[in-house]
Amino acid sequence: MNIHEHQAKDLLKNFGAPVSKGYVITQANEIDNLKSKLLDNQEYVVKAQIHAGGRGKAGGVKLTKNILETLEAAKKMLGKTLITHQTGPGGKEVKRVYIEESSEILNEYYISCLIDRSNSTITFISSSEGGMDIEKVAQDSPSKIIKTRLSNIDKISENEYNSILLPFKLNSDQILQGKIIINAMLEVTKKNDATLVEINPLILNKKNNLHCLDAKINIDDNALFRQPEILKLRDLNEEEPSEIEASKYDLAYIKLEGEIGCMVNGAGLAMATMDIIKMHGKEPANFLDVGGGASKEKVSAALKLILADKSVKGILINIFGGIMRCDVLAQGVVDAAKEVKLDIPLVVRLAGTKVDEGKKILEESKLKILSANDLNDAAKKIVKAIK
Ligand code: GDP
Ligand code: MN
């Protein structure tokens, strides 16, 4: 789960990280209230709160000189559709704006703290090249990216602090500030089950102090059951409606851009199914894993979800019956097809537990279903059927 920049800054601030004073608005009528809170002779920065980066380059970060300009920029920002390299071509509507006291920047750095699965620890990544696309820095000048793996996540050693802060070339005062920020990032990660805490840019401000100018936090979805406070920060406006619907049924669903909807059991098989669709020249419309022992209600919800996606031109169901039974799958498909009109080609490939019973249910349903013998045959058939 993602949270907004202002929420991420609040979490970091609670552990002593320096952030600017700011105000959140979600409605135009709140702008008037803001007027009395803003200071004369203070510059502000008006920031779109969307769950996507690259706002700066897309007009989602506006520096303003006085109260009037700030209020106007906030008014303009609210409701605007922002297209950044992370939003997709449709962009995202700005439903929340953050107004904070602006900082003067002497230098911009990059720092993040993340769960390093391959080493079973927490790793800090730091770079002198902050503010810009860190992926590009990693590609063009990898030597400028410093990775520091913590050997003990309960106590960071002096060597580790030095290694993390090395690219910033700090004086002794700033090193102390850096340590506070590192500790805050680590505590936020551990306390909230974050998979990523990123500050980009971390800056040196006019007073030569380290300061967090942006913040991004990702939380591990699998830990949300024990993070009630974090769950309150969830903003459903920022999530794909079909993915919210899928989460109600505990379906692992991710919407994609293609035309072929897929329903599969098992993440590995789902990936293989998507690959084989691509090999036959088409793109999958989604990733969907109905999971191990899915009920017919769950299968039915999954099919309805796929059918609700208007870009879907055909559906491929690929089930390898193990714990999941083919007859349960078939009944779920038939039930869903009774409720919503199935007017696009559907190819079904079934194998494994109760396959004959499953095929019989599909046959007797009189639904127009193309059946396939194996995965390759299934992909070939659905690609042909939508042409
Ligand atoms: P992002 O583009 O979505 O990552 O948004 P950021 O919050 O990182 O802002 C983008 C850029 O705007 C930063 O790299 C800064 O250069 C600039 N910026 C953001 N806040 C301030 C500020 O308070 N003062 C100044 N001078 N620039 C800022
Ligand atoms: Mn940023």
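Treat the numbers as computed from the prediction; the structure is a model and nothing was measured. Order of listing sets the numbers, starting from 1, for every ligand and every atom in it.
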Polar contact flag for [X] and ligand 1 (N/O pairs, less than 3.5 Å):
X	result
Asp214	yes
Ile105	no
Asn200	yes
Gly56	yes

For [X], counting its heavy atoms only, list the atoms of ligand 1 lying under 4.0 Å from any of them.
X	result
Arg55	1 (P), 2 (O), 3 (O), 5 (O), 6 (P), 7 (O)
Ser102	22 (C), 23 (O), 24 (N)
Val45	20 (N), 23 (O)

query = Of the options Thr87, Asn2, Asn237, Thr81, which is the one that meets Ile50 in a side-chain contact (heavy atoms from CB on, under 4.5 Å)?
reply = Thr87
query = Quick one: does ligand 1 sit under 4.0 Å from the side chain of Glu104, the backbone, both or neither, non-hydrogen atoms only?
reply = neither
request  = Answer with yes or no whether the hydrophobic clustering places Tyr249 together with Ile319; edges join I, L, V, M, F, W, Y residues whose side-chain heavy atoms lie under 4.5 Å apart.
outcome  = yes
ask   = Once the angle between the rings of Tyr109 and Phe168 is folded into 0 to 90°, is it parallel (under 30°), tilted (30 to 60°) or perpendicular (over 60°)?
value = parallel
[atom1]/[X]: more than 12 non-hydrogen atoms of other groups inside 6.0 Å:
X	atom1	result
Glu257	CD	no
Ile323	CD1	no
Lys384	NZ	no
Lys144	NZ	no

ask   = Is the shortest distance from a heavy atom of Lys47 to ligand 1 less than 4.0 Å?
value = yes
task = Check step by step if salt bridge (Lys or Arg N to Asp or Glu O under 4.0 Å) holds for Glu72 and Lys75.
result = CA-CA 5 Å; Glu72 267 172 20; Lys75 205 181 279 176; over 6 Å; no
request  = Kindly state if atom 21 (C) of ligand 1 has a protein heavy atom within a strict 4.0 Å cut-off, that is, under 4.0 Å?
outcome  = yes
ask   = When rounded to the nearest 0.5 angstrom, what is the spacing between NZ in Lys278 and OG1 in Thr273?
value = 13.5 Å
note = One should read off an interatomic distance between Ser242 OG and Asp309 CG, to the nearest 0.5 angstrom, of 7.0 Å
Of all the non-hydrogen atoms in the protein, which one sits nearest to [atom], and at what distance?
atom	answer
atom 15 (C) of ligand 1	Glu108 OE2, 3.2 Å
atom 25 (C) of ligand 1	Ser103 O, 3.4 Å
atom 12 (O) of ligand 1	Val61 CG1, 3.8 Å
atom 18 (N) of ligand 1	Leu213 CD2, 4.0 Å

query = Going through the distances and angles, do Glu5 and Lys9 end up as a salt bridge (Lys or Arg N to Asp or Glu O under 4.0 Å)?
reply = CA-CA 6 Å; Glu5 171 194 1; Lys9 282 178 169 170; 2.7 Å; yes
task = Give a yes-or-no answer on whether the side chains of Tyr110 and Glu198 include a donor-acceptor pair shorter than 3.5 Å.
result = yes
ask   = Can you list the protein N, O or S atoms less than 2.8 Å from the Mn ion (ligand 2)?
value = Asn200 O, Asp214 OD2
ask   = How far apart are the C-alpha atoms of Glu158 and Asn162, what are their side-chain angles, what is the distance that settles it, and do they pass the side chain to side chain donor-acceptor pair (under 3.5 Å) test?
value = CA-CA 6 Å; Glu158 282 306 310; Asn162 289 339; 5.1 Å; no
